[in-house]
Amino acid sequence: MLKADGVTKRFGGLTAVNGVGLEVRKGEILGLIGPNGAGKTTFFNILTGIYKPDGGTISFDGRPIHALPSFRIARAGMMRTFQNIRLLKEESVLDNVKVGLFGKTGSGLWAAILGLRSAKREEEEVTARSLATIERVGLKGREREAAGSLSYGDQRRVEIARALASDPKLLLLDEPTAGMNAAEVQEMTDLIRAIRGKGTTIVLIEHNVAMVTGLCDRVAVLVHGEKIADGEPESVIAKPEVVEAYLGKPDEEVIAVAAHS
Amino acid sequence: MLIQQLLNGVSLGFIYILIAVGLTMVYGVLKLLHFAHGVIYMVGAFAAMAGMTYFHMYFAVAFLFALAVSGAAGMAVERIAYRPLRGVHPITTLISGIGVAIFLENAFQVAFGSDTRAFPETGIDVSIVRLSESVSLTNTKLYIITAGLAGIGLLYAFLKLTRLGLAIQAAAQDMRAASLMGVNVNRVVSVTFFLGSALASAAGVLVAMNFNSLYPTMGAIPGLKAFCVVVLGGLGSIPGTIVGGLILGIVESLSDGFMTGMVVDKDAIAFLILIVILLIKPSGLFGKNIEKV
Amino acid sequence: GSGAGGSASPASGKNEGASAKPAETIKIGWFGPLTGATATDGTHSRDAALLAVEQFNKAGGLNGAKVELVAEDDQGKPEEALKAVQKLVSNDKVVAMVGGAYSGPTKTAAAKIQELKVPMVIAYAVHPEATKAGDYVNRVIYAGPIQGKAMADYAVNDLKKKNVAVLYVDIDYGKTIYGAFKEEAEKLGAKVAIERPFKMGDKDFSSILTAVKAANPDALYVVGYYNEAAAIVKQARETGIQAQLLGVDGFDSPKYLELGKTNTEGSTFTTSFYTSDTRPVVQSFVKAWQDKYKGEPDMLSSQSYDAATVVLEALKKVGADREKLKQAINETKELDGTSGKITFGKDHEVIKPVVFMTVKDGKFQFVKAKTYN
Amino acid sequence: MDAFFNPYYVDIVVFLIIYMMLGLGLNLMTGYAGQVSLGHAAFFGIGAYSSAILSTKAGIDPWISMILAVVLTFLFSAVLGLPSLRVREDFLAITTLGLGLIIQSFFKNADITGGAYGIDSIPPLSLFGTKLDNTGVLVVVALALLASIYALRKMTRSRIGRAWMVIREDETVAKAMGIHTTYCKVLVFAIGGAYAGAAGALFAHKMSFIGAESFGFTVSATVLSMVVVGGLGSIRGTLFGVTLLYLLPELFRLFKIDGVDMKYIDMYKMMLYGLLMVVVMRYRPKGIFGKTGMKTKSCRAADEDRSADRETKGVKERVDPA
Amino acid sequence: MLHIRNLHVSYGSIHAVRDVSLTVEEGEVVTLIGSNGAGKTTTVNAICGALPAKGSIEYGGKPILGLPTHRIVEAGIAMVAEGRRIFPKLTVEQNLRMGAFSRRASRSELARDMEYVYGLFPRLAERKRQMGGTMSGGEQQMLAIGRALMAKPKLLILDEPSMGLAPIVVRDIFDTIRTIRGQGLTTLLIEQNAAMALSVADRGYVLEHGEIVHHDTAERLKSQDIVKKAYLGGSA
Ligand SMILES: Nc1ncnc2c1ncn2[C@@H]1O[C@H](COP(=O)(O)OP(=O)(O)OP(=O)(O)O)[C@@H](O)[C@H]1O
Ligand SMILES: Nc1ncnc2c1ncn2[C@@H]1O[C@H](COP(=O)(O)OP(=O)(O)OP(=O)(O)O)[C@@H](O)[C@H]1O
Ligand SMILES: [Mg+2]
Ligand SMILES: [Mg+2]
C-alpha cells in the first residue's frame, strides 16, 4: 500500500536519509529500528509531507504523494504520532482527539453560522467517534482533563488516539512505548495488535527490541540513513551488522530483557 | 550627490543601529517583545538633560548618569511588568510594555511638560567634517557612528565571549533548563535589561544632542524602527542588526533624496522592504530557522 | 440681565424652564488635544481661551453672570472630538464653542456643530473645508491659501527670489499652503526648484537637504511647525545651504528660536500675531499671559485668545442665545484682536492682515503687514 | 428618539460598540487562531474608506456601500493576510504592524482617499428618507454587534474553529492532522478583517468625515490591548476589555476629579490607563476572562516542565501559548 | 546525603505526591520506579526547587526545600530532566558548556571534562557544531546526560535517561552509571526499564499513586512478586 523508492533527505552537509526504499504491505505491522540519529523520524517526516525529500518517490495506495502537502497526505489516510509529544496541552483530551477527525469531516463556516442540521449531526458523530477511540486506548473517564496534565505515558495514548480516530489506512507510530514500564508496554502491544485487527496497517519506530520482535511481522533497519536490513524480525536482529550497529554485542542482559515479553 | 546621500543613509542607519543594539539583546536574544524600549531611550535623553540642567553635571558625567538611570529603569520595567508574565502568551508582555510606555510618556509630560526642549549646551561645537569636495558629515554624526560601533562591539563581546552571554541565550531558549544548569535566571535577565537599556539611553542622549531636541514622546517612532531593524536582521544576529540598520537608513535617505509624490511615505517604504525581505527569507537576513519535528 | 440672555440651552427646548436664571454661569466649550503628540499646542490654545474668559469675567462678565470655559480633550482624534462636542452640547449646554483642535477633529466637529446649531469659532485649524459646514462655523485664522499667496508675493516681488525650494509637512496644513504658494509664485514668474514632503516628528533632514542643495535654490520655503522647522534650519546650515529661509505661522513660537539657535537668524515667515505689536490689545494680552503662564504667547495662543474674544464679544452684544450668537459672530467686524482687526467674510473666513516677521538678533522682528483675500 | 436619551451617552455607546466589533475581529485572528496582528486599524480603515468612497464618489446608497465595504475588506484582508503564511509567526506582530503603517500611509497620500484632506460629507445613515439620529444609529450598530457575536460564537465552535485552534497551538500538528492551514489562515484574516471592515463602514457614516489619522498604529495597539486585557479567545472578555479601556477616559470626562492639577488631568488619565494595562496583565496574565485552566484539572503556570515537546517548540520560538 | 521526609506536592486539587520519604546515601545508586503518572517526575522536580512542596528535603545536612533551583544546583545536584530539555539553538558544545555553568571552571578544566563526555558519547564529538534542537531524539538524550555530567555534581538525578535510546546506547549509559558510581558519584535514577535500573542500583523505591509502596535493596525488590509483575514484565 505504501512504496518508497530511493528516498533521500539532506540537512546541510548531513544526509539523514539516503536512498531508502521500503514497501509496506496492507495489514502488516512493520517495525523500523536503528540507532539514534539513523533517520527514522526523518523518514516519517518525509512520508507525511512535513519534509520534502531531496530525491526519491513515494506512492501511497498507488498514488504518488511525495509532492503533496501534509494535510493532503493525512486526508488520504496516513496518520502519525510524534516522537516528542505534540498535544494541545491546554485543551481537553476529547478536543485533542477530535482534531484527528478534521480531514474526515467537511462542514464549512456557513453551515455552522446558520446552524444547519448537517453540521450538528457531523459534530455529534465526531464526538461519538472520539469518545470511542479514547476508550480504545484506555483513557475512558479522562476525556475532560487537560492533555498537558496527564502523565507522559498517558499523553502518548492521547497521541495515538488522535491519529487513530479517523480510522487511517496507515498509522505511523514514533516510539509509542517510550517512557513506559514493562506492564504498560504490554498493554500498548495489545492495543497495537487490536488496531491492526481492525484493518489498519502500522509502521512503528521502536527501541524496545523485545517488543518489536514480539509484535512486528517484519522489521527494517536504518543505519546512517541507509537501510541495511529488512525481513523477519528474528533473522534481522540476528544479523551481525544489526547487532554491531544497534544492539551491541549480544549480552545476557539484553536477551534477558527481551525474553520477558 | 549619490555618495553624499549614501553617507547620509549610513549615518542615519547608525542611529537606528544604536537604538537597535539594546533591543537586540532584549528582544533578539531574550525574545521578549519589549515595547517600552523607545520609552527607555527617552528616559535616557531626559536623564542626561536633567543631570546637566538641574545637577550641573558635565556632559560626560551626565552621559554616565543617563546610562545608570535608564539601566535601572529597564530593570524595573522587567521586574514589574514582564517577570510576572513569564510562561504566558508573549503577547501579554507586549501589552504590558505598551502600558509601561503610555504610563512613562505621560508621567514625563507631567514632570517636564510635553514641549520639545533643547538639549543643554554640551560644549561640543558642531563642525563639518569634509571627506571630499562634495561629501561631508558633521562631527556629531561621527560620534554616533562611533558609539554605534562601540555598542555593537560590546554586544558581540558580551554574547560571544562571556559566560553570562551564553547563559542569556540559554535562558531565552528554556528558562527551566537554564536554572537547572545553575543559572540565576532572574539575575541574568536583569543584567540583560540593564545593558540593553543603557545602550538605548546612549542612543537617546546622542540623538537628543545631535538634533538638539527632546520630548516625552520622542521614543515612539524610534522604538518601532528598532523593532524593524532587529527583525530585519534576524533576531539576535549582530551582523543582522548592522545590515538591518543600514538598509533602513539608506532606504530612507534615498527615498528622501530622490523620490517624490509617492503613494506611501518613507517609513512605509522601510516596512515594505522589511516585509519583502521576510517573504524571501522568513527568518530575517541573518536569522536561522531550524525546526526538527 | 437683558432679555437676550434668556436661556443657557436654547437648542434643547425641553430643558429650559424655571431653572434658567440670568445670573447662572454661561458655559462656553473648548475642545482640542490635551494629550498625545500635539498636546503642547492644545494646552496653549486652552490656556489662551481660559485667559480671555477670565479677563471677561473680571471685567464684570455678562451683566453679572459669569462665563465658564469647559475644556475637553480630543486626543487629536476626530472621533474623540465628535464625542467631546456632543458632550459639551448635551451635558454642559454650552452656548458657543472655541475650536482649539487640529484639522481632522475640527472638520468632524464642524459638521456636528452645524447640525446641533451651536456657533463655533475655529482658532487655528486650516483645513480648507472646515468652514464649509455652514453658517455656524467661523474661523479666526486665515485659511491656508492666504499664507501661501502672501509668501509668494513677498518672495517674488519683495525679495526677488526666482528659484524656490519647498519643503512641506505632509498634512493638509502643508499641502494647502504649499499649493497656493506654488500657484501664485509661478504666476508671478518664479519657479519651484524642488519640492519634498516631510512628516511631523521627522528629525533627520540631511537627505532632503542634500537634494535641496543640489537644486541650488535662492530661497527655501518650509511649510511646517517649529519643531521640524528648527531642525531643518539647523541642518540646512550644516549642509551648507545659504538660501534665504522662508516660513509660515507654524514657526511662530519661542520654541523655534530655542531649538534652532543661531541658525534661525534671517528666516522670514508669515504669521498673524507678533508680541512686539504696540497695539494695546496685544500688549495687555502679552502681559496677562506672562503673569499667568510665564513665557511669551505664541501665534496659536493668540488665535485661540481671539477666537474666544470673538465669542465673548458677541455674547456681550446679544446674550446667551445660540441663534443670535451665531448671527452676531457672523457679523463680527473690525474686532480688535491680538492678531489684527478681525472681520468675517461671507465664506466665514477671516479677513485680516498677514504679518511678515523675521528673526534678527535672536528675536522675532516685525517686517510688514498686508491684507490679502 | 434623541429626546429621550442624552445623545452624548448614546454616542459613547455607539463608538464603544464599533470598538467591540473591531475587538471581536481581532480576537478571532489573535485569540482563536493565534495570528497576532498589530495592524488591525488598516482593516478598519479599508472598511471606512471603501464605504466612504462608494457613497460619496460613486453615489451609492450608504446601506449598500456598507455591505460592499465589508465584502471588499474581506477580500483585501485575505490578500493582506497572505504574508502571514510565509512569515515566521513571531514576526507576524511586526509585519502586521508594518502593513498597518503602509496602508495608513496610502490613505494619507493616495488621491482616491482624499490624501491629507480625508473624505468629508459622508452621507449619514437614513431610513425611509429620514436621517437616523444618534439613537437610531445606536440601534443599527447594536444589531450589527449582536449578529457579529452570534456568528463568532458559531464559527469558533465549528469544525473550522477547531482547526484555527490547532493552528494556534501547533501548526505542524495541524498539517499532519489533515488541516489545510493556508486556507484556514487566509480565511481567518479575511473574516477578522471583514469584522473590522463592518466597524469601519459604520464609523465612516457616523463620523461624516474620515482622515488617515483615525487608522494608525495607536488604534491597532489600543484594540489589541483591549482584547488581551479582556482575555484572548473569549467573547465576553473582548466585550469587557473594550468597555473597560474605552470607558476609563470617558469617566474622567464625566467626573471632574478635584484635588489634582487640572492642567495635567488628561495626562493622569493616560497614566492610569497605562498602569491599568500593566496591573491587569500582572495579576490576570491571561486577561480578565481568559481561561485560567481546564475544566477539571488545572495546568499550573510553570507548566513548561511537563512538556517533553518543549525542545522542538523552543526551536521555532513560538509566539502562541506554550 | 539526600533526605526527603514527608514530602507532599499538589497541582491545584491533584495531590500528586503524598508523604514520600526517601534517602540517598553518599556513593549509592538509588532507583525510583513506578508506572506512568505515579509521581516520580513530580518528586524530583520538587527536589530541584521547580515545584512548591511541603515536607522537608535535606541535602548534605542542609535544608534545600524552598531554595531557588540555581542555588540547589550550585550545591552540587545536577539533573537530567524528563523530556531532555537541551537548548535547541545552542550548539552541542555550547550546551555542554552551559552544563558547567555553576562550576566556574577554567578553560583547560572545561576542555578536559568535555573530552570525557565526548569519550562517553562519540556521537556528540562528531556533532560539536550542530544545533541541539536538530539532533535526533536519542542524540539529545546523550547530550542531556553529558551536559549534566559537565556540572561534576555530587548527586546526579536522572529522569528516565534511557528513554528513546537504542539498546546499544542504553547499555552504554548504564555502563556509564556504573562507572561514575565507581568514581563515588551518588545517583538517583528514575527508570521505566526496571530490570536495568535494579541491576545497577543498590536500593530501590516503588512509587504508586504518589505514595511509596515498597522500598528495599535492589536484589530483594527484583524478586518481589508485585514488582516482578508490574515492572519487570513478569508473566502474569
Ligand atoms: N531539521 C534538521 N536539521 C539538521 N539536522 C537534522 C534535522 N532533523 C534531523 N537532523 C539530523 O538527522 C539525523 C536523523 O535524525 P532522526 O531524528 O531522523 O533520527 P532517528 O532515527 O529518529 O533517531 P532517534 O531514534 O534518536 O529518534 C540526526 O543526526 C539529526 O541530528
Ligand atoms: N502540570 C500538571 N498539572 C496537573 N497535574 C499534573 C501536572 N503534572 C503532573 N500532573 C499529574 O501528577 C501525577 C504525577 O505525574 P508525574 O509526571 O510526576 O508522573 P511520573 O511518575 O513521572 O510518570 P511518567 O513515568 O509517565 O513520567 C499524574 O497523575 C499527572 O497527571
Ligand atoms: Mg526519532
Ligand atoms: Mg515522569
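Hydrogens, waters and symmetry mates play no part in the numbers below; they use all other heavy atoms, side chains included. Every chain is numbered from 1, with letters handed out A, B, ... down the list of sequences.
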J.: Give, as side chain, backbone, both or neither, the part of Tyr215(B) having an atom under 4.5 angstrom from any heavy atom of chain C.
T.: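 Contact with chain C is through the side chain of Tyr215(B) alone.
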J.: Within a 6.0 Å radius of atom OH on Tyr58(B), are there more than 12 heavy atoms belonging to other residues, nucleotides or ligands?
T.: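 Counting other residues, nucleotides and ligands, OH of Tyr58(B) stays at 12 neighbours or fewer.
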J.: Taking only Lys NZ, Arg NE, NH1 and NH2, and the carboxylate oxygens of Asp or Glu, determine whether Glu252(B) and Lys225(B) approach each other closer than 4.0 Å.
T.: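 The answer is yes: the pair qualifies as a salt bridge.
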J.: Report, as yes or no, whether the 6.0 Å neighbourhood of atom NZ on Lys292(C) holds more than 12 heavy atoms from other residues, nucleotides or ligands.
T.: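 Count over threshold, so yes.
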J.: For the rings on Tyr226(C) and Phe251(C), is their centre-to-centre separation under 6.0 Å?
T.: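 Here the rings of Phe251(C) and Tyr226(C) have centres that are no less than 6.0 Å from each other.
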J.: Does Met200(C) form a side-chain contact (heavy atoms from CB on, under 4.5 Å) with Ile171(C)? I'd like the steps, not just the answer.
T.: CA-CA 9 Å; Met200(C) 284 177 86; Ile171(C) 59 175; 3.9 Å; yes
J.: Do Trp30(C) and Ser304(C) have side-chain N/O donor and acceptor atoms under 3.5 Å apart?
T.: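 Ser304(C) and Trp30(C) do not have a side-chain donor-acceptor pair below 3.5 Å.
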J.: Select all residues of residues 213-221 of chain C having any heavy atom within less than 4.5 Å of some heavy atom of chain B, and report them by number, or 'none'.
T.: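 Under the 4.5 Å heavy-atom cut-off, Ala214(C) qualify.
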J.: Identify which part of Thr138(B) has an atom lying under 4.5 Å from any heavy atom of chain C, answering side chain, backbone, both or neither.
T.: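 Looking at Thr138(B), just its side chain touches chain C.
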J.: Would you call Lys255(C) and Asp298(C) a salt bridge, taking side-chain N to carboxylate O under 4.0 Å as the test?
T.: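 Looking at Asp298(C) together with Lys255(C), the answer is no, because their closest N to O distance does not fall below 4.0 Å.
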J.: Counting heavy-atom pairs under 4.5 Å to chain B, which of Asp204(C), Asp41(C), Thr239(C) comes out on top?
T.: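 Ranked by contacts with chain B, first place is Asp204(C).
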J.: Using a 4.5 Å heavy-atom cutoff, which residues in residues 3-14 of chain B come close to chain C?
T.: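 When heavy atoms of chain C are the reference, residues 3-14 of chain B contributes Gln4(B), Gln5(B), Asn8(B), Leu12(B) within the under-4.5 Å range.
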J.: So, Lys234(C) and Glu238(C), do they make that salt bridge, N to O below 4.0 Å?
T.: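 So Lys234(C) pairs with Glu238(C) through a salt bridge.
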J.: With the threshold set at 4.0 Å, does a side-chain nitrogen-carboxylate oxygen contact exist between Glu195(C) and Lys182(C)?
T.: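 Yes, charged N to carboxylate O under 4.0 Å.
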J.: At a heavy-atom separation under 4.5 Å, does Asp265(B) approach chain C through its side chain, its backbone, both, or neither?
T.: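 The side chain, not the backbone.
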J.: Can you tell me if Glu183(C) has over 12 outside heavy atoms packed within less than 6.0 Å of its CD?
T.: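 No - once you tally the heavy atoms of other residues, nucleotides and ligands closer than 6.0 Å, there are 12 at most.
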J.: Can you confirm whether the side chains of Asp256(B) and Ser253(B) place a donor and an acceptor under 3.5 Å from each other?
T.: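 Judged by distance alone, the side chains do not pair up.
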J.: Given heavy-atom pairs under 4.5 angstrom as the criterion, report whether the side chain, backbone, both or neither of Ala39(C) touches chain B.
T.: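 It is both, since atoms from each part get that close.
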J.: Of all of Asp115(B), Ile128(B), Thr217(B), which one pairs up most often with chain C through heavy atoms under 4.5 Å apart?
T.: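 Most heavy-atom pairs under 4.5 Å with chain C: Asp115(B).
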J.: Do you see a donor-acceptor pair shorter than 3.5 Å between the side chains of Asp249(C) and Tyr173(C)?
T.: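 Distance-only check passes for Asp249(C) and Tyr173(C).
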